[in-house]
Amino acid sequence: MTRESWQTRLGFILAAVGSAVGLGNLWRFPWMTSENGGAAFLLVYLGVVLLVGVPGLLAEFVIGRRSGRNPVGALSSLSDSKAWSAFGHVFVVTAIVLLSFYSVVGGWILRYVGASVTGAYFANPGGYFDAVNYGLEAAGFHLLFLGITALIVLRGVKRGIESATKVMMPAIVVLLVALAVWGVTLDGAGEGLTFLLSPDFAALEANFFDILPVAAGQALFTLSLGAGTMLTYASYLGEDRSLAADGTAIAVLNTFVGVLAGVVVFPIMFALVGEVGDGGPGALFVGLASAFASLPYGQLVGTVFFGVVALAALSSSISMLEIPVSFLVDEYGVSRPTATAGLVGVFAVTGSVCALDPGVFDLVASTIVDLLLTGGLVGFLLFAGWVLGRDAVAEYELGAGAFASRFGTPWLYAAGVFIPVFLIFTFVSGLAGALGVSVASTELLGVTFSQTRVFVVVSVLVALASFLGLRRADSVI
Ligand code: PHE
């Protein structure tokens with residue numbers, strides 16, 4: 001059986017943007033931003049998207065297109081190594097973890113679309129969320145969301161994913177722009193925009209090392225990096241397009257929608273609720289729902305808003321389900337319908353655990369996901385830099401054109417050396433933060449080393465050492 005491929009270049013870009021734009025932009029971004037200082041967080045996050053996100057995206061694209069396989073098949077076929085093949089299986093786990101909690105939030109959203117139509121949460125938005133967020137009904141809505149996701153994936157790459165995202169993405173952008181235009185004209189919206197757009201540099205400096213891992217995790221999450229999604233999508237590509245151009249377009253569009261979502265959410269919160277709310281996964285549901293409740297056309301605005309979020313969530317969840325589906329199809333020759341059905345069975349159980357237990361949900365949705373994505377992306381980057389080496393540059397240059405081709409080798413150094421060093425640092429500090437270990441300044445031989453200095457010195461040394469190593473590796477230069 002021949003492997004599937006995208007119908008058009010635009011189809012691939014829209015599917016990848018569809019994967020990127022999702023609850024990460026519309027739900028997790030406002031949540032993380034409100035908990036981590038607003039504009040200061042946005043600034044760090046944008047920096048990571050540019051310096052880590054785009055090169056990371058290219059690493060996944062290069063591996064995916066060159067191998068034409070799912071993450072496990074890609075790493076094993078391009079390296080002939082058992083260790084890389086074993087590592088590839090991490091991505092199957094990541095997909096399961098991701099979709100398990102994502103589908104629960106997707107279920108909340110579906111419920112809120114209905115509840116906006118009827119105005120069910122208007123009387124008591126906080127109480128409503130508390131009553132429906134976890135429990136049997138939440139598990140039911142999770143199953144509904146999972147079912148819709150599966151119906152799209154079942155139809156395949158062209159007829160399912162590509163045709164669905166081709167309709168969803170334009171709809172999302174048009175509706176969000178309309179909501180943003182309306183939102184910024186509200187009385188008191190200015191305060192929300194200030195919170196989002198004008199950074200407090202003193203606070204940024206003081207909290208930089210707390211913000212950094214969260215911003216890095218969020219940047220990876222929103223670009224769907226480190227899970228193998230982008231790799232899998234690129235594996236359905238022909239050879240004729242510029243990965244650099246496509247990757248840049250995807251990152252720019254995703255960032256645009258992310259900031260646009262902020263421009264919708266924060267002015268509405270500040271104008272109608274008077275604050276950003278107390279954060280947490282319910283920020284969007286409680287804060288925005290109370291805003292909608294106080295509006296003359298609240299039911300309509302609420303329905304449109306949650307409808308947009310539902311579309312965005314679906315265009316991402318299909319990309320999560322596609323990872324293990326392509327794994328079973330490529331590696332075990334299972335048919336697409338059988339693979340999809342079997343996986344739905346697995347997710348039905350794992351997602352229900354998240355829907356029933358808030359403790360599991362919280363841990364999975366923040367810390368575990370960040371760690372898995374960071375670790376996963378480090379793996380892809382090292383693979384591109386050290387295993388593929390020169391071949392990665394050759395793959396990057398295919399269809400790249402003269403201008404983008406110039407960046408091939410610098411990209412490989414960034415991907416193979418500097419970015420992994422940075423990500424390992426954020427991984428360690430994220431883990432330390434999660435375990436409650438504080439990384440304070442240390443005094444050695446009478447000199448006080450601040451975190452910043454230690455970080456910079458260690459990073460430069462490690463980067464330099466690996467840079468020299470990479471230069472000597474047979475595969476490069
Ligand atoms: N990028 C998606 C979002 O922002 C989430 C996602 C992460 C999708 C990893 C696939 C893989 O909602």
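Computed from a prediction, not measured in an experiment: that's the story for all the values here. Whatever order the structure lists ligands and atoms in, that order sets their numbers, starting from 1.
- Separation of atoms CG (Leu412) and CH2 (Trp386) is listed at 9.5 Å; rounding is to 0.5 Å.
- The protein heavy-atom contact nearest to atom 2 (C) of ligand 1 is Ser19 O, 3.2 Å.
- Ligand 1 has no atom lying under 4.0 Å from any heavy atom of Trp27.
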### Query
Would Trp411 and Val62 satisfy side chain to side chain contact (heavy atoms under 4.5 Å, CB included), going step by step from the backbone distance to the final call?
CA-CA 12 Å; Trp411 161 72; Val62 159; 3.8 Å; yes
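- Protein heavy atom in closest approach to atom 11 (C) of ligand 1: Thr229 OG1, 3.3 Å.
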### Message
Pair Glu162, Tyr236 - check side-chain hydrogen bond (donor to acceptor under 3.5 Å, both in side chains), show working.
### Response
CA-CA 11 Å; Glu162 188 169 348; Tyr236 300 124; over 6 Å; no
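- In terms of N/O distances under 3.5 Å, ligand 1 is approached by Thr222.
- Contacts between Leu225 and ligand 1 below 4.0 angstrom, taking non-hydrogen atoms only, are absent altogether.
- Using a cut-off of 4.0 Å between Lys/Arg side-chain N and Asp/Glu carboxylate O, Glu4 and Lys158 are scored as not salt-bridged.
- Contact check for Cys354 versus Val104: side-chain heavy atoms found under the 4.5 Å cut-off.
- In this structure, atom 1 (N) of ligand 1 lies nearest to the protein heavy atom Phe221 O, 2.8 Å.
- Of the listed options Ser224, Ala20, Ser317, Ala16, Ala20 places a heavy atom closest to atom 4 (O) of ligand 1.
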